[in-house]
Amino acid sequence: MDFIDQVRSLASRVAIAKDLLQTEEATKNAMVMPFIQLLGYNVFDPLEVTPELIADVGTKKGEKVDYAILKDGKPIMLFECKKSGGDLNINHASQLFRYFHVTEARFGVLTNGLMYRFFTDLEKPNKMDEKPFFEFNILDFRDQDVEELKKFAKTAFDLENILVTANHLKYTRAIQNTLAGWMTNPPEDFVRLVSAEFLAGKHFKNAVKDQFTLITKHAFQQLVGDKINERLKGAMTPEPALSPEVTVSTDTPISVGEAFVPSAIELEAFQVIRAIVRPIVKPAMVSIRDAASYCAILFDDNNRKPICRLRFNNENKLVIGLFDDKKDEERIAIASVDDIFDFADRLKACVTAYLKPSSAKDLIEPLAS
């Protein structure tokens, strides 16, 4: 079994157990120890994985760290554990900080069995950084995350290689956070920079600044939306066996009017809805339009055939409007775009109701469920 398959297997078990574990000890036994074992370390060999490792730190005697992974008798990685789903605030890692200082270990891991935060000493030698350089969520990870995690496995562990990676990951993450902030609220200097070519000789007064700030924000969001489109495009491409006449296109324009630019979260939701109803109709038959207080998701680009409404004007309070057979709208608050999958049956039923014999040529063969 490949490493990523082992990670997926553990993730499926953790998803079932996470709400049943009420104590730190139960979390360690059911979630953290299997994670350490996943990395190839023998949790039953105290010369390789030592639980409750004790050390004296200054005036503090008998300090313990939950687990220490050893190599040649010396700690290389320390684990501090909290109960399943517990807070991982850096203030809860005091023992990890102290023990990191008095051992040769270069990596500290703070975990609640779901999230694993990896720390090292990039800022000051032998003093653990306050911010992790890598985070791994066992229930929400990418292939790239698994590749980074694999570097900590027993068979691949290389201190210098990981430290180089750690430095890269730390600053990459910091830049990503900065760019994420700029996407929703681009600073003036950034707007000046990206619009300099178009504003040559013009004064950057309030009206111009406001105009190009809005344009920059929309351009940023559209760029992210395009990247999401590219990633989903492969998943929405039909099997090679399908004939050219029923090829599913994802390049169909998704807006009416050049002024409308869906936000990144609206575009992500739109693509989720397209994917949900793809077993029934071509994605190209599902379109998005702007309205005063919502985005309308329509069948066949027809205002009289609404599939749902995305009321995402406040990204801190997402609401989806679903329709019954009388076209009455029910507004439902959702926590994230992923929650739309919970309403797949209703969305499919709505689209099915709009289908008529005359539109049969637009159907694609139902996919196996």
Side-chain angles (χ1 to χ4, degrees), residues 24 27-28 31-32 35-36 39 49-71 74-142 144-153 157-185 187:
E24 180 182 308
T27 301
K28 289 192 288 186
M31 299 166 74
V32 180
F35 182 86
I36 294 174
L39 295 176
V49 179
T50 303
E52 300 290 325
L53 189 64
I54 300 175
D56 294 336
V57 183
T59 59
K60 291 183 177 291
K61 305 298 180 181
E63 283 285 289
K64 296 180 181 179
V65 68
D66 289 315
Y67 295 103
I69 295 178
L70 310 179
K71 183 178 181 180
K74 299 178 180 179
I76 59 172
M77 197 170 359
L78 311 174
F79 280 75
E80 177 73 15
C81 308
K82 305 302 175 184
K83 72 176 183 178
S84 176
D87 190 3
L88 291 183
N89 189 293
I90 193 63
N91 294 328
H92 298 163
S94 56
Q95 287 175 282
L96 194 59
F97 268 106
R98 290 194 292 268
Y99 204 81
F100 187 94
H101 178 66
V102 297
T103 71
E104 297 182 34
R106 296 294 301 275
F107 304 105
V109 183
L110 181 63
T111 181
N112 57 12
L114 304 176
M115 178 69 75
Y116 291 80
R117 293 181 174 170
F118 289 75
F119 298 82
T120 188
D121 55 351
L122 296 175
E123 299 292 340
K124 295 182 179 180
N126 207 31
K127 181 179 179 181
M128 195 175 85
D129 300 334
E130 293 190 1
K131 294 183 179 180
F133 67 87
F134 173 56
E135 296 187 2
F136 187 83
N137 187 335
I138 191 67
L139 298 183
D140 184 15
F141 54 83
R142 304 166 298 168
Q144 179 183 342
D145 298 329
V146 176
E147 288 302 311
E148 294 299 337
L149 178 65
K150 193 174 182 179
K151 294 175 182 178
F152 292 91
F157 190 88
D158 183 314
L159 177 61
E160 294 305 318
N161 182 40
I162 299 176
L163 289 175
V164 170
T165 300
N167 195 64
H168 177 79
L169 289 175
K170 175 184 176 181
Y171 293 110
T172 298
R173 183 183 177 197
I175 292 172
Q176 287 175 338
N177 290 338
T178 298
L179 292 176
W182 287 4
M183 187 172 72
T184 56
N185 187 26

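Numbering of residues begins at 1 and proceeds along the displayed sequence.
More than 12 non-hydrogen atoms from other residues, nucleotides or ligands lie less than 6.0 angstrom from NZ of Lys151.
The line from CZ of Phe157 to CZ of Phe152 is 7.5 Å long, rounded to the nearest 0.5 Å. Rounding to the nearest 0.5 Å places CE of Met77 at 10.5 Å from CG of Leu159. Taken from CZ in Phe35 to CD1 in Ile138, the straight-line distance is 6.0 Å, to the nearest 0.5 Å. Glu24 CD to Glu80 CD: the interatomic distance, rounded to the nearest 0.5 Å, is 7.0 Å. Ile162 contributes atom CD1, which lies 8.0 Å from atom CD1 of Ile76 (distance to the nearest 0.5 angstrom). Rounded to the nearest 0.5 Å, atoms CE (Met128) and CG (Leu110) are 7.5 Å apart.
Thr27 places a side-chain N or O within donor-acceptor distance of the main-chain N or O of Ser84, the cut-off being under 3.5 Å. Although no hydrogens or angles enter the test, the distance criterion places no donor-acceptor pair under 3.5 Å between the side chain of Asp129 and the main chain of Lys131.
The salt bridge (Lys or Arg N to Asp or Glu O under 4.0 Å) check on Asp145 picks up Arg142, with sequence neighbours excluded. For Phe141, the ring pair (Phe, Tyr, Trp, His ring centres under 6.0 Å) partners are Phe136, not counting sequence neighbours. With sequence neighbours excluded, the residues that form a side-chain hydrogen bond (donor to acceptor under 3.5 Å, both in side chains) with Asp121 are Arg106.
Considering only heavy atoms from C-beta on, Leu149 comes within 4.5 Å of Leu39 through its side chain.
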Check against side chain to side chain contact (heavy atoms under 4.5 Å, CB included), Leu114 and Met31: CA-CA 8 Å; Leu114 304 176; Met31 299 166 74; 3.3 Å; yes
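Here the closest heavy-atom approach between residue Val32 and residue Thr111 is recorded as CG2-CG2, 4.0 Å. Heavy-atom minimum distance, Leu88 versus Lys82: CD2-CG, 4.0 Å. Smallest separation of non-hydrogen atoms from Lys28 and Tyr67: CB-OH, 3.5 Å.
Ring pair Phe134/Phe118 is tilted by interplanar angle, where 30° to 60° counts as tilted.
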